A.B. asks: 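Questions regarding the structure given below will be posed in turn.
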Amino acid sequence: MKKRIKVLTIFGTRPEAIKMAPLVNGLKQEEDIDSYVCVTAQHREMLDQVLQLFNIQPDFDLDIMKENQTLTQITSRVLVGLDEVISKVSPDIILVHGDTTTTFAGSLAAFYHNVKVGHVEAGLRTYNKFSPFPEEMNRTLTGHIADFHFAPTERNKQNLIKEGIAEEKIFLTGNTVIDALMDTSKKEYEFSCTQLDEIDFINNRIIMVTCHRRENLGEYMNNIFLALKDIVLRYKDVEIVFPVHLNPKVQKHADELLKGIGRVHLIKPLEYLPIVKLMSKSYLIITDSGGLQEEAPSLGKPVLVVRKETERPEAIEAGTVKLAGVERENIVRMASELLDDKDKYDAMAQAVNPYGDGKASQRIIEIIKAQVY
Ligand code: UD1
Ligand code: UDP
């Protein structure tokens, strides 16, 4: 009789949850797989929003989040919490996603327990260990612990090969974010939250903004927020909708520089369904988020990335994303180009999808079934 495969999926933050949800729900359907989910809850409210939408009930919840947590605290709490979970489940494989501290600590815990690791969204690199910080190193270290590498793009696969990872352990799958996005965009949704009621989607152009990266906190985030202020003051038909990350440091920056400015809406983080609908109603997206750089191109929305570099150059090459840096004047100049010049805007607003076809999760499941025994 064929042995059943025990899979333990570990994640902890909003983007991991969104991108792991299609995989977790796919694993649940498999007859030969016993699927367990452990959330670290490195994020709490922002994670729970996603669990609810995708109807995921974790088997284990480490509930580690604390206000203003440090990287060391996250790492150590995850390691300690997972010790017991891994001993109890005794999985054949542990799946982790991406580049967060949960990802790295999860793969390290798996290694300490001699359990195989499957790394979803493997092989993205900037080759600058401080940018994104600490994500570049989290992803690299996880890549060197992992036994199976699920690379979204050919470039990601080549990065891993260059680092000496055996080619037969790297699988080109596409990014599961596209699975989540395709599934979610199909759903009917009418904006019903009071937060969005006052926005004039008909007469105004909406710029959706998110900004939260650790390496942007401080001077760079000030520059970015001042640039947003300049843009909204210059263009009377622009409204900025900014769902502010719950990190108190980000909230403080945003409140200090943007609160009370007309046509700037600082709102609470939105659930995934409304954020996808908001993206599709926006004219332009300004962000330092990783996930949004992957989602917006397939919705045909131009993106300005407010970071110095990106580990996701595919959409830049395809022409729908531009790196705007972290200097106030440059961000204003690049946003103005897209607000003033219809040809430049149209050239960027094409739906391209370098990150996947919506079938990444199914591919990953088939690989697990073929490779893990
Ligand atoms: C984390 C990830 C980052 C990812 C981001 C996605 C690390 C080191 N960073 O960064 O890679 O891009 O998540 O959003 O893994 N908070 C809440 N409620 C929440 C979530 C956060 O109150 O639901 C607050 C807490 O005070 C927490 C702080 O935000 O201490 C920071 O959260 P943390 O996970 O440490 O860092 P992020 O910037 O969210
Ligand atoms: N997102 C969301 N609600 C929001 C802002 C973002 O659901 O208010 C989604 C977004 O569509 C994307 C993911 O969260 O799928 C990105 O997460 P985040 O920006 O927190 O992290 P990153 O992608 O930078 O790691």
Side-chain angles (χ1 to χ4, degrees), residues 9 11 13-30 35 37 46-47 49-56 95 97-98 118-124 150-157 171-191 206 208 210 243 269-285 287 289-303 305 312 314-321 348-369:
T9 305
F11 53 90
T13 65
R14 171 173 66 190
E16 291 164 79
I18 292 168
K19 293 166 165 186
M20 283 302 224
L23 186 52
V24 166
N25 285 332
L27 286 166
K28 217 162 49 183
Q29 309 297 322
E30 292 294 323
S35 167
V37 172
M46 286 160 56
L47 171 76
Q49 282 183 333
V50 184
L51 295 177
Q52 208 182 342
L53 174 70
F54 289 96
N55 201 15
I56 295 171
L95 297 178
H97 180 280
H119 187 198
V120 182
E121 203 182 82
L124 287 69
F150 303 114
T153 69
E154 180 60 34
R155 176 191 303 262
N156 304 150
K157 180 177 166 181
F171 304 90
L172 191 56
T173 57
N175 197 314
T176 57
V177 75
I178 305 297
D179 308 16
L181 181 68
M182 283 184 172
D183 187 37
T184 306
S185 346
K186 277 189 262 167
K187 297 189 172 126
E188 291 290 320
Y189 183 78
E190 282 300 321
F191 286 119
I206 309 302
M208 189 186 114
T210 77
L270 289 171
E271 290 175 14
Y272 191 56
L273 186 50
I275 199 91
V276 169
K277 297 297 168 188
L278 176 63
M279 254 188 280
S280 12
K281 281 172 168 262
S282 296
Y283 181 83
L284 167 68
I285 291 162
T287 189
S289 151
L292 285 172
Q293 288 177 61
E294 295 157 341
E295 291 163 343
S298 65
L299 298 170
K301 299 296 168 180
V303 181
V305 175
R312 295 171 167 90
E314 293 85 353
I316 295 183
E317 283 159 11
T320 60
V321 169
M348 268 187 96
Q350 356 137 9
V352 295
N353 208 335
Y355 297 110
D357 59 1
K359 295 182 183 139
S361 310
Q362 209 44 51
R363 284 190 195 100
I364 294 170
I365 292 170
E366 293 310 320
I367 296 158
I368 292 172
K369 289 202 297 191

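Heavy atoms only: backbone and side chains are in, while hydrogens, waters and symmetry mates are out. Just so you know, these numbers come straight off a predicted model, no measurement behind them. We count residues from 1, following the sequence as given.
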A.B. asks: Tell me, do Y355 and E314 make a side-chain contact under 4.5 Å, heavy atoms counted?
C.D. replies: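 Yes, close enough: below the 4.5 Å cut-off.
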
A.B. asks: Within 45 degrees of the ring normal and closer than 6.0 Å to the centroid, is that where the cationic atom of K19 sits relative to F54?
C.D. replies: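 Relative to the ring axis of F54, which defines the angle, K19 lies outside at least one limit.
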
A.B. asks: Would you say F150 and L95 make side-chain contact, with heavy atoms under 4.5 Å?
C.D. replies: yes

A.B. asks: Could you check whether any side-chain heavy atom of I178 comes within less than 4.5 Å of a side-chain heavy atom of P152, counting everything from C-beta outward?
C.D. replies: no

A.B. asks: If you count heavy atoms of other groups shown closer than 6.0 angstrom to CD of Q52, is the number above 12?
C.D. replies: no

A.B. asks: Tell me whether H119 contacts the main-chain N or O of H97 through its side chain, where contact means a donor paired with an acceptor under 3.5 Å.
C.D. replies: no

A.B. asks: Looking only at atom types and distance, does a side-chain atom of K157 sit under 3.5 Å from a main-chain N or O of F171, one as donor and one as acceptor?
C.D. replies: no

A.B. asks: The test is side chain to side chain contact (heavy atoms under 4.5 Å, CB included); show your working for M279 and L292 and say whether it passes.
C.D. replies: CA-CA 9 Å; M279 254 188 280; L292 285 172; 3.6 Å; yes

A.B. asks: Do R363 and E366 meet the salt-bridge criterion of a basic N to acidic O distance under 4.0 Å?
C.D. replies: no

A.B. asks: Report yes if the side chains of T153 and P354 come closer than 4.5 Å at any heavy-atom pair, otherwise no.
C.D. replies: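 A side-chain contact under 4.5 Å is absent here.
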
A.B. asks: Indicate the atoms forming the closest heavy-atom contact of A318 with Q350, along with that distance.
C.D. replies: O-NE2, 3.8 Å

A.B. asks: Would you compute the distance between atom CD1 of I364 and atom CG of D179 and round it to the nearest 0.5 angstrom?
C.D. replies: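 It comes to 7.5 Å.
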
A.B. asks: Please give me the minimum heavy-atom distance between P302 and L284, naming the atom from each residue.
C.D. replies: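 Shortest heavy-atom separation between P302 and L284 comes out as O-CD1, 3.6 Å.
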
A.B. asks: Can you tell me how far CD1 of I368 sits from CG of L23, rounded to the nearest 0.5 angstrom?
C.D. replies: 6.0 Å

A.B. asks: Let's go through M20 and V50 carefully: what are the C-alpha distance in whole Å and the side-chain angles of both, what is the deciding distance for side chain to side chain contact (heavy atoms under 4.5 Å, CB included) to 0.1 Å, and is it a yes or a no?
C.D. replies: CA-CA 10 Å; M20 283 302 224; V50 184; over 6 Å; no

A.B. asks: Could you tell me whether a side-chain N or O of Q362 sits under 3.5 Å from a main-chain N or O of K359, the two making a donor and an acceptor?
C.D. replies: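 Not a single qualifying donor-acceptor pair exists.
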
A.B. asks: Considering residues at least two apart in sequence or located in another chain, which fulfil the salt bridge (charged side-chain N to carboxylate O under 4.0 Å, His left out) criterion with R312?
C.D. replies: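 So R312 forms a salt bridge (charged side-chain N to carboxylate O under 4.0 Å, His left out) with E121, E294.
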
A.B. asks: Taking C-beta and beyond as the side chain, do I206 and K281 meet within less than 4.5 Å on heavy atoms?
C.D. replies: no

A.B. asks: Any heavy-atom pair between the side chains of F11 and V24 that's under 4.5 Å?
C.D. replies: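 Sidechains of F11 and V24: in contact.
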
A.B. asks: Calculate, to the nearest 0.5 Å, the distance between atoms CG and CD belonging to N353 and E295 respectively.
C.D. replies: 11.0 Å

A.B. asks: If we count only N and O atoms by modelled type, under 3.5 Å, do the side chains of T210 and T287 hold a donor and an acceptor together?
C.D. replies: yes

A.B. asks: Mind listing the closest non-hydrogen atom pair of G174 and A360 along with its distance?
C.D. replies: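 Smallest heavy-atom distance, with atoms named: O-CB, 3.4 Å.
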
A.B. asks: If you round to the nearest 0.5 Å, how far is CG of L273 from OG1 of T184?
C.D. replies: 6.5 Å

A.B. asks: Under a 4.5 Å cut-off applied to non-hydrogen side-chain atoms, are T173 and I367 in contact?
C.D. replies: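 In contact.
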
A.B. asks: Do you know which two heavy atoms are closest between P243 and P269, and how far apart they sit?
C.D. replies: CB-CA, 4.0 Å

A.B. asks: Quick one: pull up OG1 in T320 and CD1 in I285 and give me the separation to the nearest 0.5 Å.
C.D. replies: 10.0 Å

A.B. asks: Could you walk me through whether K277 and L270 satisfy the side chain to side chain contact (heavy atoms under 4.5 Å, CB included) test, starting with their C-alpha distance in whole Å, then the side-chain angles of each, then the deciding distance to 0.1 Å, before giving a yes or no?
C.D. replies: CA-CA 10 Å; K277 297 297 168 188; L270 289 171; over 6 Å; no

A.B. asks: What's the separation between atom CG in L53 and atom CD1 in I18, rounded to the nearest 0.5 Å?
C.D. replies: 8.5 Å

